[in-house]
Every structure is written in structure tokens, then in C-alpha cells.
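Quick caveat, the model's predicted, so the values are computed rather than measured. Order of the sequence lines fixes the chain letters, A, B, ..., with proteins taken first and strands second; residue numbering starts at 1 for each chain.
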Number of protein chains: 2
Amino acid sequence: MELSERRKKILQIVVDDYIQDIEPVSSKKVQQSYLQELSTATIRGELAALEDMGYLAHPHTSAGKIPLPKAYRYYVDKLMGRGALSEDEIDYIQSRFTSNINETEALIKNAAKVISDITNYAGLGIESDGKDERIDNIKLVLLSPSTALLIVVTQSKVLKDSILETGTIDEMYMETGGEILRKIFCGKKISEAVKIGSALIEKEFNRYRKLFENILHILKDYIKQDFENVFTEGAVNALSNPEFSDIERAKKFLSIVGSKEKIASMLRQDNANSVELTVKIGSDENEEYKDLSLVTANYSLKGKALGASGVIGPIRMDYRKVISVLECIRSTIDEMLKN
Amino acid sequence: MELSERRKKILQIVVDDYIQDIEPVSSKKVQQSYLQELSTATIRGELAALEDMGYLAHPHTSAGKIPLPKAYRYYVDKLMGRGALSEDEIDYIQSRFTSNINETEALIKNAAKVISDITNYAGLGIESDGKDERIDNIKLVLLSPSTALLIVVTQSKVLKDSILETGTIDEMYMETGGEILRKIFCGKKISEAVKIGSALIEKEFNRYRKLFENILHILKDYIKQDFENVFTEGAVNALSNPEFSDIERAKKFLSIVGSKEKIASMLRQDNANSVELTVKIGSDENEEYKDLSLVTANYSLKGKALGASGVIGPIRMDYRKVISVLECIRSTIDEMLKN
DNA sequence: ATTAGCACTCTAACATTAAGAGTGCTAAAA
DNA sequence: TTTTAGCACTCTTAATGTTAGAGTGCTAAT
């Protein structure tokens with residue numbers, strides 16, 4: 001059932017107002033914004049109706065109305081105008097993306113940082129795990145007589161954090177080992193590579209067995225780890241918001257923001273989704289997140305999802321500002337990726 | 001001037017007590033712990049004397065005494081007994097260090113994490129920058145036709161986060177480039193390498209000029225960046241401490257802990273020092289840190305400083321517990337490094 | 001359908017009170 | 001000379017009451 005135009009208008013005013021002042025909005029306040037020759041009494045009637053429908057609530061009898069999640073949802077979907085950023089803000093955002101960033105992780109981290117600096121919320125970034133990407137290149141580099149670095153290159157990433165203890169071996173051995181790896185693994189997905197490798201290891205490469213076992217182990221670990229690719233930036237910023245003036249809520253917020261698992265679980269569904277912009281309001285299913293909202297923008301290159309970045313903050317959030325910022329960053333990054 | 005035994009005893013009781021309960025300690029309370037046939041009046045006299053000497057203060061006329069930084073200092077240096085950890089705690093700590101960790105960074109990060117988990121404060125870690133270490137090995141690895149990874153190996157570290165845009169080049173070219181680099185740079189310190197490289201680049205290697213300029217640029221950046229090697233873990237934990245129930249102080253704390261620069265500046269002097277354990281109480285010189293304390297343990301291998309890890313928290317901190325934990329971790333790591 | 005008007009509710013700020021904790025001082029006791 | 005008992009005094013904290021103001025919800029009139 002659709003709301004009447006008047007109710008829409010009133011709802012919008014209440015939400016706008018509450019987002020700004022974080023105070024229950026009274027009928028009088030609405031009247032001042034709505035001006036139109038409506039009495040407070042009439043407005044009170046309308047407010048009462050919106051309350052009955054589950055959009056609004058009031059904290060106690062003699063208080064104004066505050067928006068419920070349903071109101072924010074409606075506001076974001078249908079009421080909120082698209083606010084423009086100022087020239088300065090756009091310039092600032094663009095200036096933060098000029099340096100040549102050549103890794104997805106750095107790109108997304110940077111986006112999260114910018115977001116957190118310019119909005120007053122915590123910025124977050126998620127890198128697509130790329131587990132089903134194909135291996136472009138794989139290299140073994142001897143660092144010292146008994147350690148080697150394993151490098152795996154996929155379309156969007158370079159995995160290079162795994163140092164192997166090899167026991168004493170020589171350059172030639174390593175070289176040949178690398179070539180074998182490339183022959184077998186290039187063009188395969190990592191998960192496939194693990195399977196194939198496990199099968200082959202038994203039969204063929206006795207000489208390389210130990211080494212390859214190590215490598216397979218690393219790849220398996222990589223597949224297992226699910227949350228390593230979530231970052232947050234500037235959570236402290238978000239504490240300036242009055243909803244966190246209560247230390248307990250602040251702690252709860254920080255511990256959610258600090259937990260890659262929790263962030264990942266909040267994002268899971270949306271991330272699968274290929275929508276460009278996602279607004280998740282007061283996470284419906286989980287009590288723990290009920291007063292938080294999460295707005296994210298997805299990035300992709302040539303149809304391949306790179307990841308996403310966005311904002312996590314109190315449910316009373318300046319959605320207009322946040323969404324404008326995210327859109328601006330999205331387009332800045334798109335521009336960048338063309339080169 | 002030395003304190004009398006009795007005053008020492010009383011001071012110790014006050015500090016111990018205050019650390020536990022975070023309440024001004026009254027003469028009566030001291031009497032209960034001191035038992036000995038002393039009246040509260042006498043104790044009051046002694047407390048007043050300690051106050052005159054700058055060890056104690058009272059928040060208002062009718063309140064008990066609280067320790068000042070001078071008292072904590074004295075307490076840590078002379079009064080505090082060495083408390084033993086329980087078997088369980090020791091086991092727990094050791095269990096967190098079994099997995100084979102083969103990088104200094106990972107080791108120190110892990111230590112910081114363990115510290116934060118077991119004490120209720122924020123754990124921190126600093127990796128020695130190793131800028132005056134000699135280069136053991138240097139490698140260039142072609143990742144794709146137009147990007148390469150630069151790897152620099154020193155005694156305690158592997159720098160491997162710099163991806164070069166090279167323009168289209170081939171494997172041979174890269175190979176030879178790497179060999180030249182090794183010839184010139186191995187055995188030199190990074191800072192020396194930069195100087196030598198800058199000089200040579202002019203005359204000799206026209207073919208490699210562009211590539212080497214890139215590499216020098218990366219090395220210079222590395223020398224410039226001062227704070228990349230500071231980590232903190234579990235700052236949220238520390239918020240459980242009552243001194244941070246005021247949101248403003250909590251924010252201030254978090255912003256200090258979140259700033260690598262600030263942590264580094266607090267540690268600078270101590271880190272140079274080669275003492276095994278450092279306790280910094282209510283940083284004397286800087287107003288901003290005056291109600292924080294910092295306890296760190298240094299690690300080294302074969303006489304070479306690897307880094308340090310420790311705790312940052314409120315000046316009223318359970319020094320005994322913290323120091324015991326750090327000592328335990330130190331010895332666990334020492335044990336580990338022997339292998 | 002809208003509005004004026006009014007009773008009613010709840011908050012927030014402020015003042016008042018009373019109890020309790022603890023000090024600092026002094027004069028007496030050891 | 002050191003210790004102690006005793007007491008006046010200060011300050012905190014919690015409980016209680018008071019009041020003004022904001023805002024609602026309802027009803028009867030427009």
C-alpha cells in the first residue's frame with residue numbers, strides 16, 4: 001500500500017530532521033518545515049498514522065517521533081534526493097586517487113581511508129577473494145640457501161606472502177621446480193590446482209615431493225582463509241557520532257568493526273549480488289547489528305568483481321552524503337582503471 | 001633520600017590497593033592491610049608525609065590517597081614483587097608460539113596479540129627498521145610482461161611489497177638486471193645502496209636506467225617511511241578499563257594507539273636503549289600521554305635487535321602481571337629463536 | 001477533513017536534605 | 001619523641017522533591 005503524498009512528505013521531513021539533529025521530531029518542527037497551512041494537530045494525526053504503520057516510534061508519551069528502520073529503508077529507496085557534493089569535496093576525493101596504485105588491495109584500502117576521512121563514519125573495504133580466478137603465473141624465488149618465496153599471480157592479485165623453509169637446495173633445482181609448477185598450474189583455478197597437485201604429487205615428482213607438499217599446503221591455507229580480505233579504516237572517527245557516547249555501545253561497535261568475520265558475514269549476501277550500491281539498514285536478521293547500517297559500492301574491472309568499499313555506522317546515518325561520496329569514488333576509480 | 005621501611009611498606013600498599021580497586025585508599029584501608037598495631041592516625045601522618053614528598057595526592061579533602069606517577073615509578077623500580085604466572089597462563093602463552101613463524105613481523109605481531117589477549121590492555125609491537133642492515137640478496141621477478149616484483153633480503157627481513165611497472169621487457173633483461181643489482185648492492189646497507197646507485201646510474205647503465213631509477217625510488221621511499229613497522233592489537237580490550245569509561249578519554253586513547261607516529265615517538269628513546277625491559281610511566285615530557293603507561297620488552301637475535309613488543313594502557317596498570325607476561329613471552333621467543 | 005483547545009504525561013534541571021566517609025589537627029598518653 | 005584518641009570540618013553521593021516546559025492524544029467545534 002502506497003503512502004499518500006502528504007505522508008511521504010512528512011516522513012521525509014522527520015527522517016531528514018532526525019538525521020541532522022538526533023532529536024525526536026515534534027509536530028511543531030514538522031509544521032515549520034512543511035509550513036503549508038497545516039496545523040500541528042493535523043500533522044499529529046498523520047504522524048500517529050505513520051506510527052501505526054510501523055515507520056515511526058516515540059520514546060515516551062510526551063516526546064516527538066523518531067524513525068524506525070522501516071522509515072530509513074523507505075527514505076533511502078524512495079524519498080531521499082540525490083545530494084550533490086561540493087566542488088571542493090570532489091576535488092579532494094580525486095586528489096586522493098592520483099598516485100598510481102597497482103594492487104587491488106591498496107586500491108580498496110585507500111578507498112576505505114578516503115571514505116572514512118570525508119564522511120564521519122568507519123570506512124571499510126572488502127577484496128573479492130578471487131579464489132576462482134585462474135593462475136596467470138607462479139614463481140619460486142630462492143631468497144637464501146634454505147628459504148624460498150612463493151609467488152602466485154592471478155588476474156587481480158599477486159600472492160607473495162608465503163616464505164618456504166626448503167632445506168638446502170640450489171638455484172637450478174628451484175628453477176626447474178618453478179617451471180614444473182607453471183606447466184601444471186597456469187590457467188587453472190587455485191582450487192583446481194590444489195586438487196591436481198594432490199593427485200600428481202603421489203606419482204611423479206619424487207624429487208620435488210617435499211617442496212611441492214609445502215606449496216600445496218600454502219595454497220590450501222589460502223583457500224581456507226576466508227576473511228583476510230576485509231579492512232576497516234578510521235573506526236575512531238565514527239565514535240564522534242553521538243550514538244556512541246555510551247561507552248558500551250562504542251565498545252560493541254568497535255568490536256564488530258574490528259572483527260573481519262562479522263563484517264564479512266554482514267556483507268556476504270550483498271557481495272554475491274552484483275548491484276552497484278547496497279544499503280543495508282539495521283541488519284534485519286541479526287540482533288547484534290540492529291542499530292548499524294552499512295553502505296557499500298562494488299568495483300569491477302572487465303566484468304570481474306574486484307571488491308567493494310563502503311561505510312559502517314549508526315543506523316541514523318547521513319545516507320545522502322554517504323551515497324554521494326561512494327558514487328563519486330566509484331566513478332573516480334572507474335576512470336582510473338581505464339588506464 | 002631514601003624512604004623509611006614503614007613508608008615504603010605503606011606506599012606499596014597504597015599502590016597495590018589502588019591498582020586493584022581504583023578507589024582512593026583511606027588510612028583505614030591501609031591499616032587493615034598493615035594490621036600491625038598502628039592506628040589510622042599514625043598512618044594518616046605517614047600518608048601526609050608521602051603526599052608532601054610528591055608520591056601521593058588526594059582528589060578532594062575527604063577522600064583517600066591516590067598514587068602519582070612518582071609513586072608508580074618507585075613502585076615498579078623498588079617495591080613491586082615479581083609475581084609468578086599460573087601454570088595455565090604459561091602453558092597458554094607457550095601454546096600461542098608453537099606454529100613456525102618465519103618472519104620477524106609475524107613474530108612480533110603475534111606477540112602483541114598474545115599480550116593483548118592475556119593482559120587486558122592494548123598490545124603493541126615494533127619491528128626494528130633494519131635500515132642499517134646489509135643487503136643479503138636482491139631479486140627481480142617478472143610477474144607479467146610489464147610488471148616485476150622487487151625483493152630485497154636482509155638479515156632479519158624480506159622486503160617484498162613493491163611491484164614495478166616496467167613497460168614491456170623480457171625475462172633475460174630482467175635476469176641480467178637482477179645480477180647487476182646483486183653485484184652492486186649485496187653486502188651494502190640500504191642507505192649506502194641508494195647513494196652508490198644514484199651515482200652509478202648516471203654513467204654506466206643506460207640500458208637499465210629507467211628500471212634502476214624505479215628501484216632506487218622504491219628504496220628511497222623505504223628509507224623515508226619511519227613508522228610502517230609499528231603494530232597495535234586489541235585496543236578495544238583496553239577500553240574495558242574504567243579509566244576509559246569516559247568516551248572522550250577513550251577516543252583520545254584510541255587515536256594515540258591508532259597512530260603509528262605517536263607510538264613510535266613514545267618509544268623512540270627507549271628503543272635505542274638496549275635494556276631488555278622498559279617501563280615508561282605517564283610519559284614525562286608530553287602532556288598528551290601523561291596518563292598512559294607503556295611497558296615493552298626488546299627482542300634480539302645474535303646481538304641484532306629484532307624489535308620489541310609490549311603493552312600500552314592506563315597509568316594505573318597491573319605492572320606485576322604485565323611484566324611477568326612480557327618476561328614469559330621473551331623467554332618463550334628466545335627459546336624459539338634458538339631453533 | 002481540519003483545527004483549536006485542553007488535560008495529561010514525561011523529562012530535565014535544580015534545590016534540598018541527610019548519611020557517610022575520610023581527613024587534618026590538637027592535646028593527651030606512652 | 002612517637003603514637004594515639006577524639007573531634008570538627010569537608011566533600012561526595014544518593015535520595016527526594018519541585019517546577020517549567022515540551023509535546024502528545026483526544027474531543028468537540030468548524
Item checked: Gap between atoms OH and C1', on Tyr34(B) and dT3(D) respectively (whole Å) -> 14 Å
Check: Without hydrogens or angle criteria, can the side chains of Ser240(A) and Lys251(B) be said to hold a donor-acceptor pair below 3.5 Å?
Finding: yes
Notebook entry, point to check: Ion pair present between Arg316(B) and Glu243(B), side-chain N to carboxylate O less than 4.0 angstrom?
Noted result: yes
Notebook entry, point to check: Heavy atoms under 4.0 Å, any strand shown: does Lys29(A) hit a base, just sugar-phosphate, or nothing?
Noted result: nothing
Checklist line | Atom-pair distance (CD on Gln31(A); P on dA22(D)), nearest Å | finding: 15 Å
Notebook entry, point to check: Of His58(A) and Thr40(B), whose closest DNA chain D nucleotide lies nearer the 5' terminus?
Noted result: Thr40(B)
Notebook entry, point to check: For Lys28(B) and dA5(D), what is the distance between atoms NZ and P respectively, to the nearest whole Å?
Noted result: 14 Å
Next item on the list: Quick one: label Ser27(A) by what it contacts on the DNA or RNA (base, sugar-phosphate, nothing), any heavy atom closer than 4.0 Å.
Entry: sugar-phosphate
Note to self: Suppose we call a contact any N or O donor and acceptor under 3.5 Å apart; does that hold for the side chain of Thr61(B) and the base of dC11(D)?
What the structure shows: no
Next item on the list: Could you say whether His60(B) or Leu38(B) is positioned toward the 5' end of DNA chain D, judged by the nucleotide with the nearest heavy atom to each?
Entry: Leu38(B)
Next item on the list: Take the protein atom CD of Glu23(A) and the nucleotide atom P of dC10(C), then report the distance between them rounded to whole Å.
Entry: 20 Å
Item checked: More than 12 heavy atoms from other groups under 6.0 Å of NZ on Lys9(B) -> no
Notebook entry, point to check: Do Lys321(A) and Thr119(A) have a side chain donor and acceptor closer than 3.5 Å?
Noted result: no
Note to self: Nearest to the Ser62(B) side chain among dT24(D), dT4(D), dA21(C), which nucleotide is it?
What the structure shows: dA21(C)
Next item on the list: Look at Lys65(A) and dG25(D) and indicate whether a side-chain polar atom (N or O) is within less than 4.0 Å of OP1 or OP2.
Entry: yes
Next item on the list: Side chain of Glu51(B) only, please: which of dT2(C), dG24(C), dA5(D) is the nearest?
Entry: dG24(C)
Check: Heavy atoms under 4.0 Å, any strand shown: does Ala41(B) hit a base, just sugar-phosphate, or nothing?
Finding: base
Note to self: Can you tell me how the ring of Tyr55(A) sits relative to the ring of Tyr74(A), calling it parallel under 30°, perpendicular over 60° and tilted otherwise?
What the structure shows: perpendicular
Checklist line | Rounded distance (Å) that lies between atom C1' of dG22(C) and atom CD1 of Ile66(B) | finding: 15 Å
Margin query: Tell me the interatomic distance from Glu46(A), atom CD, to dG25(D), atom C1', rounded to whole angstroms.
Written below: 15 Å
Next item on the list: For Thr42(A), answer base if it contacts any base atom (sugar-phosphate contacts may also be present), sugar-phosphate if it contacts only those atoms, and nothing otherwise; contact means non-hydrogen atoms under 4.0 Å.
Entry: base
Next item on the list: Rounded to the nearest angstrom, tell me the gap between atom CZ in Arg6(A) and atom P in dT2(C).
Entry: 4 Å
Notebook entry, point to check: Can you tell me how far C1' of dA21(C) sits from CD1 of Ile43(B), to the nearest Å?
Noted result: 16 Å
